[in-house]
Amino acid sequence: MATDFRLPTDRIVRPDKDRFLAEENPFEAMMSRFDRAAELLDLEPGIYKILRHAEKIITVAIPVMKDNGEVEVYTGHRVLYNTARGPAKGGIRFDMAVNIDEVKALAAWMTWKCAVVNIPFGGSKGGVVCDPLMMSVAELERLTRRYTAGIMSVLGPDSDVPAPDVNTNERVMAWVMDTYSMRVGHTVTAVVTGKPIEMGGSLGRREATGRGCLVVTKEALAHLGMPIKGTTVAVQGFGNVGSIAAMLMQNEGMVITAIGDRTGGYHNKAGIDVLDAMAHVKQHGTLEGYGKGESIGNEELLSLDVDVLVPAALENVITTKNAASIRARVICEGANGPTTAAADAILDEKGIFVIPDILANAGGVTVSYFEWVQDRGGYFWSEATVNERLTDIMQRSFQDVLRIAQQHKVNLRTAAYMLAISRVSTVHKLRGIYA
Ligand code: NAD
């Protein structure tokens with residue numbers, strides 16, 4: 001018998017939000033957007049309950065022998081939020097700010113993101129509480145391998161596929177892949193994405209998230225009747241996402257007037273040479289000491305008079321405290337969760353066109369999907385093919401979300417959640433509940 005998700009006794013019971021809706025709790029920020037979209041979709045109460053829960057949460061202690069012989073024990077999490085549409089997909093983050101609510105929120109965002117761009121994955125995320133900048137390469141390798149061993153029960157190309165995120169990279173993915181492969185006794189390239197090209201990585205993956213930001217920003221500018229050439233851009237975060245987005249936007253004729261990272265930022269009305277700044281970061285690790293422009297703080301960067309603002313660092317940078325001072329016409333959310341739910345309303349009121357994270361930064365997971373497909377097929381595509389297919393998916397997804405926004409007279413964030421939730425809930429209805 002088909003599962004009926006609309007039993008008459010069933011009703012939506014929302015937790016007492018005020019009890020724990022701290023503005024900066026990312027899980028609550030995600031849930032409040034989810035609730036709004038669920039209401040507009042008139043989501044079945046049974047599905048609503050299912051989608052409010054993470055499927056699996058693992059927390060592991062990670063003992064690591066430091067180079068000086070001391071033992072340090074780190075804490076790591078892996079959350080599989082939802083796998084209805086396919087294997088879980090989501091990055092691994094190494095950062096002191098990692099906590100379980102953040103990892104749950106990021107895993108849920110991955111679920112919605114994969115659904116927005118309609119790739120056959122669910123969502124997951126992992127994080128280890130550590131400061132990788134204070135660790136040697138050997139310590140990082142030991143940490144990565146032991147964390148991988150700790151979450152081994154969920155990993156696999158058909159079950160959960162990690163990728164890089166804040167402070168992790170291709171090298172870390174190579175260690176995850178090697179550890180997994182040693183444990184199962186044969187080489188499994190498709191267990192991670194964002195790997196080095198030489199071991200099954202995809203051409204174009206490193207640039208994919210930034211490229212996706214470029215594609216949706218161009219779509220937004222066209223929709224708003226704004227030109228591309230001469231459009232001014234401020235980018236917060238100058239790592240994988242921020243630096244590549246800035247470089248590709250500059251290549252298209254946009255003027256990058258400000259960039260910043262954890263050490264602060266630089267403002268130059270005439271435009272910053274992004275490749276030059278990238279070379280500085282390659283040499284010194286951060287933008288500190290770059291010096292080619294007026295030195296500014298991160299708060300100042302957000303409120304600059306620019307056409308496009310790209311927050312591409314961490315979550316909760318646009319809040320009720322600073323949203324009113326933002327002057328950009330378009331915000332392209334390269335980072336996950338850079339805007340708090342409470343700040344959304346202020347941005348709406350100001351008429352700022354926000355391309356939400358689950359759409360704006362979906363280029364990375366889209367090419368991760370391409371990488372997984374290529375690994376499993378054992379046949380690799382040219383960079384031009386990857387970029388062309390990525391551009392198609394990002395353009396189509398932007399237009400899908402815009403259409404829903406126009407139909408329901410809602411902002412793009414709510415529209416993206418509506419699209420994602422309806423796709424995930426359709427699969428739940430088709431699959432029913434295993435009992
Ligand atoms: P990264 O580690 O390569 O870069 C992070 C950048 O943010 C660095 O320049 C760092 O200095 C800066 N930063 C850190 N703390 C900051 C602070 N308090 N103020 C200002 N800048 C700060 O990470 P990344 O891969 O570029 O990821 C950035 C964001 O994009 C994250 O939210 C991540 O979840 C999201 N994201 C990444 C990808 C991807 O493919 N890498 C895909 C989708 C979303």
Side-chain angles (χ1 to χ4, degrees), residues 24 26 89-98 102-103 105-107 109-110 112-114 116-117 123 125-127 131-133 162-173 192-195 201-202 204-213 216 234-247 258-266 277-278 280-282 284-288 290 296-302 309-319 322 332-339 355-371 390 394:
E24 297 188 0
K89 189 84 196 73
I92 295 172
R93 173 178 291 202
F94 289 171
D95 196 80
M96 286 308 288
V98 163
E102 180 189 68
V103 181
L106 289 161
W109 277 320
M110 286 305 297
W112 314 138
K113 196 181 299 183
C114 292
V116 166
V117 288
K125 203 79 179 191
D131 186 353
L133 302 180
D165 193 69
V166 174
N167 293 328
T168 59
N169 55 20
E170 295 175 357
R171 184 170 58 185
V172 173
M173 292 309 111
V192 291
T193 60
K195 300 177 289 293
S202 176
R205 172 61 185 90
R206 194 181 302 159
E207 300 80 11
T209 308
R211 185 175 297 281
C213 289
V216 293
V235 183
Q236 184 193 52
F238 206 66
N240 174 279
V241 180
S243 68
I244 305 276
M247 178 189 75
I259 53 174
D261 70 4
R262 71 171 81 222
T263 64
Y266 293 94
M278 285 168 86
H280 179 93
V281 171
K282 197 165 181 200
H284 303 280
T286 66
L287 278 172
E288 196 167 17
Y290 179 58
I296 52 169
N298 266 298
E299 275 299 311
E300 213 177 331
L301 183 145
L302 294 173
L309 174 65
V310 185
L314 292 177
E315 56 266 18
N316 293 329
V317 293
I318 301 175
T319 68
N322 61 7
C332 173
E333 294 186 334
N336 287 307
T339 309
I355 314 169
D357 46 8
I358 57 172
L359 169 63
N361 67 40
V365 77
T366 300
V367 176
S368 276
Y369 164 56
F370 296 164
E371 182 174 331
L390 168 65
M394 295 305 294

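All of these numbers come straight from a predicted model, not from anything done at the bench. Every number for a ligand or one of its atoms is a count from 1 in the order of the listing.
- Within ligand 1, counting atoms from 1 as listed, the ones closer than 4.0 Å to a heavy atom of N298 are 19 (N), 20 (C).
- Residue contacts with ligand 1: A312 is included, with a non-hydrogen atom under 4.0 Å away.
- What sits closest to atom 2 (O) of ligand 1 on the protein, heavy atoms only, is N167 N, 3.2 Å.
- Residue contact check: R93 has heavy atoms under 4.0 Å from atoms 31 (C), 32 (O), 33 (C), 34 (O) of ligand 1.
- Listed by atom number, the atoms of ligand 1 under 4.0 Å from R205 heavy atoms are 40 (O).
- With a 4.0 Å cut-off on non-hydrogen atoms, A163 does not touch ligand 1 at all.
- With hydrogens left out, the protein atom closest to atom 18 (N) of ligand 1 is L314 CD1, 4.6 Å, a heavy atom.
- Close contacts between ligand 1 and A335 involve ligand atoms 29 (C), 30 (O), 32 (O), 35 (C) [criterion: under 4.0 Å to a heavy atom].
- Heavy-atom proximity to V241, at under 4.0 Å, picks out these atoms of ligand 1: 24 (P), 26 (O), 27 (O), 30 (O), 36 (N), 37 (C), 38 (C), 39 (C), 41 (N).
- For the pair I244/M278, a side-chain contact is recorded, criterion being any heavy-atom separation below 4.5 Å from C-beta on.
- Listed by number with element, the atoms of ligand 1 under 4.0 angstrom from any heavy atom of N361 are 43 (C), 44 (C).
- Of the possible polar contacts, none joining the D165 side chain to the T168 backbone as a donor-acceptor pair under 3.5 Å is found.
- Judged purely by distance below 3.5 Å, without hydrogens or angles, the side chains of R205 and S368 pair a donor atom with an acceptor atom.
- Here the shortest heavy-atom distance to atom 6 (C) of ligand 1, taken over P132, A97, G239, belongs to G239.
- Taking every heavy atom of both residues into account, L314 and A335 meet most closely at O-CB, 4.0 Å.
- In terms of heavy-atom proximity, V317 sits nearest to E299 at O-OE2, 4.4 Å.
- Looking only at heavy atoms of the protein, atom 9 (O) of ligand 1 is closest to F238 N, 2.9 Å.
- The protein atom (non-hydrogen) at minimum distance from atom 29 (C) of ligand 1 is A313 O, 3.1 Å.
- In terms of heavy-atom proximity, K125 sits nearest to V103 at O-CG1, 3.3 Å.
- Panel note: side chain Y266, backbone Y290; a donor-acceptor pair is recorded below 3.5 Å.
- Residue Q236 places no N or O, backbone or side chain, under 3.5 Å from any N or O of ligand 1.
- Of the protein's non-hydrogen atoms, the one nearest atom 33 (C) of ligand 1 is D165 OD1, 3.3 Å.
- Listed here is the closest heavy atom pair of K89 and C114: CB-SG, 4.4 Å.
- Here the shortest heavy-atom pairing between V367 and S202 reads CG1-OG, 4.0 Å.
- Listed for the D261 side chain is a donor-acceptor partner under 3.5 Å among the backbone atoms of L287.
- Nearest protein heavy-atom contact of atom 10 (C) of ligand 1 is R262 N, 3.9 Å.
- Of all atoms in ligand 1, listed by their number and element, those nearer than 4.0 Å to a heavy atom of D261 are 9 (O), 11 (O), 20 (C), 21 (N), 22 (C).
- For the ligand labelled ligand 1, residue T286 lies outside the 4.0 Å heavy-atom shell.
- Ranking the protein heavy atoms by distance from atom 23 (O) of ligand 1 puts V166 CA, 3.8 Å first.
- Nearest heavy atoms, E371 versus V192: OE2-O, 3.7 Å.
- Close approach of ligand 1 to T209 (heavy-atom distance below 4.0 Å) involves ligand atoms 38 (C), 39 (C), 40 (O), 42 (C), 43 (C).
- N240 N, 2.9 Å is the protein heavy atom nearest to atom 3 (O) of ligand 1.
- Panel note: side chain D357, backbone G337; a donor-acceptor pair is recorded below 3.5 Å.
- Under the 3.5 Å distance criterion, the side-chain polar atoms of E102 are left unmatched by any main-chain donor or acceptor of P26.
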